[in-house]
Amino acid sequence: MPAVVASAPGRVNLIGEHTDYNGGLCLPLALPQRTTVTLSPRSDPDLKLSSAQEDDDWEGAVEDRPGGWAAYVAGVVQALREDGHDVPGFEASIDSDVPVGAGLSSSAALECAVATAVAALLGLDLADRSVRRRLADACIRAENDYVGAPTGGMDQSVAMLAQPGHALLLDFADGSATPVELPLEDAGLVVLVIDTRVSHDLTDGSYGDRRRESADAARALGIESLRNADAGRIEELADDVLRRRARHVLSENLRVLAAVGAIGDRDWRALARALDESHTSMRDDFEISSRELDLAVETARSAGALGARMTGGGFGGSALALVPRGDVEAVQSAVTVEFRYAGFAEPAYLLATPDAAARVESVS
Ligand code: GLA
């Protein structure tokens with residue numbers, strides 16, 4: 001069998017947060033930052049893994065259940081073997097410029113790079129979108145069942161299905177993935193990602209709490225998922241927390257549709273409004289923002305951003321801002337100054353130009 005090099009992107013979610021596991025809508029895009037895996041099969045079923053970003057290598061059987069970063073690789077192998085694929089053991093070396101713990105899906109990038117390399121080894125047709133969909137599903141299972149992070153599927157879906165120059169409208173009710181052209185450059189705009197450097201951990205419980213509260217709210221409303229919730233009935237919920245959680249999910253789905261409409265109309269002010277409203281909803285109703293995220297969003301807006309919101313799972317990680325290209329430096333230095341003043345860590349920045357999904361880089 002040949003050696004394969006494959007890569008997969010990190011992602012940033014333009015809008016539609018904590019909707020994926022509620023049968024809802026979201027609109028992520030793939031980042032230019034990628035994780036690359038160089039994979040050579042070996043004759044026994046075990047794995048030998050190393051990463052340029054980690055001190056320790058890992059070697060063992062999938063059944064040994066490693067912790068940390070190796071779990072994302074072993075979990076994908078386990079999920080693909082469960083799907084009936086004859087996945088050989090392999091040696092893999094990993095390298096990545098996706099920031100870790102920034103809410104930009106470094107874990108999905110790793111899972112999807114591994115799944116893509118293995119798919120190439122097995123001769124699967126990566127030009128077939130249904131093959132990509134199934135690989136994304138295997139990566140989701142790796143993360144939920146093997147790693148134990150109760151995430152919803154947005155990250156792996158966009159990493160496997162994104163198209164350059166497009167955001168991806170994901171509908172978790174019918175499983176569809178629709179590219180939405182995002183001609184920001186023509187409009188002189190960029191999506192600036194502000195990494196607060198407060199790392200978030202999707203296995204630490206707070207993310208799972210929101211997932212549980214969403215399920216409780218759906219149960220209290222007597223419906224399968226919050227996607228089908230009725231606004232009037234939500235407001236009648238006796239429990240204040242469940243009412244606000246459900247209100248966020250319902251209104252966030254509507255904001256995703258508003259954002260897609262605004263992008264189609266090239267109405268960037270309307271897109272910015274949806275971003276701002278999304279942040280307010282996450283701060284007040286879903287309660288997943290933080291002082292750092294609020295400060296990043298408010299400062300970005302007052303320094304020239306059209307709109308801004310926290311992005312990803314919350315409790316740290318990154319915010320994004322829709323910024324006229326000429327104002328990017330002013331926004332960055334304003335946020336950096338305010339963070340220093342508040343005694344927060346030095347933020348980091350990147351520009352989210354919509355890039356390509358996971359791909360095979362070479363086979364030798
Ligand atoms: C994390 C999860 C996703 C999604 C977002 C919130 O990134 O991995 O599945 O739930 O949080 O929108």
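FYI, side chains are in, hydrogens and waters are out, and symmetry mates aren't considered; it's all heavy atoms of this structure. Numbering of ligands and ligand atoms starts at 1, following listing order.
At least one N or O atom of H18 sits closer than 3.5 Å to an N or O atom of ligand 1. By the 3.5 Å distance cut-off applied to N or O atoms, E143 is not counted among the residues near ligand 1. Geometrically, ligand 1 and N13 share no nitrogen or oxygen pair separated by less than 3.5 Å. Looking at ligand 1, you'll find an N or O of E17 within less than 3.5 Å of one of its N or O atoms. Note: no N/O pair closer than 3.5 Å links G312 and ligand 1 by distance alone. By the 3.5 Å distance cut-off applied to N or O atoms, S105 is not counted among the residues near ligand 1. Checked against a 3.5 angstrom limit, the closest N/O atoms of D155 and ligand 1 fall inside it.
Remark: ligand 1 atoms within the under-4.0 Å shell around heavy atoms of D20 are 3 (C), 4 (C), 9 (O), 10 (O). Near G152, meaning under 4.0 Å from one of its heavy atoms, ligand 1 places the atoms 9 (O). Close approach of ligand 1 to G153 is summarised as follows: ligand atoms under 4.0 Å from at least one heavy atom of the residue are 9 (O). Within the listing of ligand 1, atoms 1 (C), 2 (C), 3 (C), 4 (C), 9 (O), 10 (O), 11 (O) sit less than 4.0 angstrom from a heavy atom of Y207. For ligand 1 and T151, the ligand atoms under 4.0 Å from any heavy atom of the residue are 2 (C), 8 (O), 9 (O).
Between F286 and H248, the ring planes lie tilted relative to each other; the angle falls in the 30° to 60° range. Taking the six-membered ring for Trp and thresholds of 30 and 60 degrees, Y207 and H18 have ring planes inclined between 30 and 60 degrees apart.
Partners of P164 by side-chain contact (heavy atoms from CB on, under 4.5 Å), not counting sequence neighbours, listed by chain and number: A356.
Not a single heavy atom of E252 sits closer than 4.0 Å to an atom of ligand 1.
Within the 4.5 Å cutoff, the side chain of S7 has heavy atoms near those of the R359 side chain. Here the side chains of C112 and Q156 are in contact, with some heavy-atom distance below 4.5 Å.
We find that D216 and R245 are not joined by a salt bridge, their nearest charged nitrogen and carboxylate oxygen being 4.0 Å or further apart.
From L169, atom CG reaches atom CG of L27 across 6.0 Å, with rounding to the nearest 0.5 Å.
Proximity of R210 to ligand 1, defined as any heavy-atom pair under 4.0 Å, is not found for any part of the residue.
Considering V76, L110, D155 as possible partners of C139, the one that fulfils the side chain to side chain contact (heavy atoms under 4.5 Å, CB included) test is V76.
Both tests do not hold together for R141 against Y146: distance to the six-membered ring centre under 6.0 Å, angle to the ring axis within 45°.
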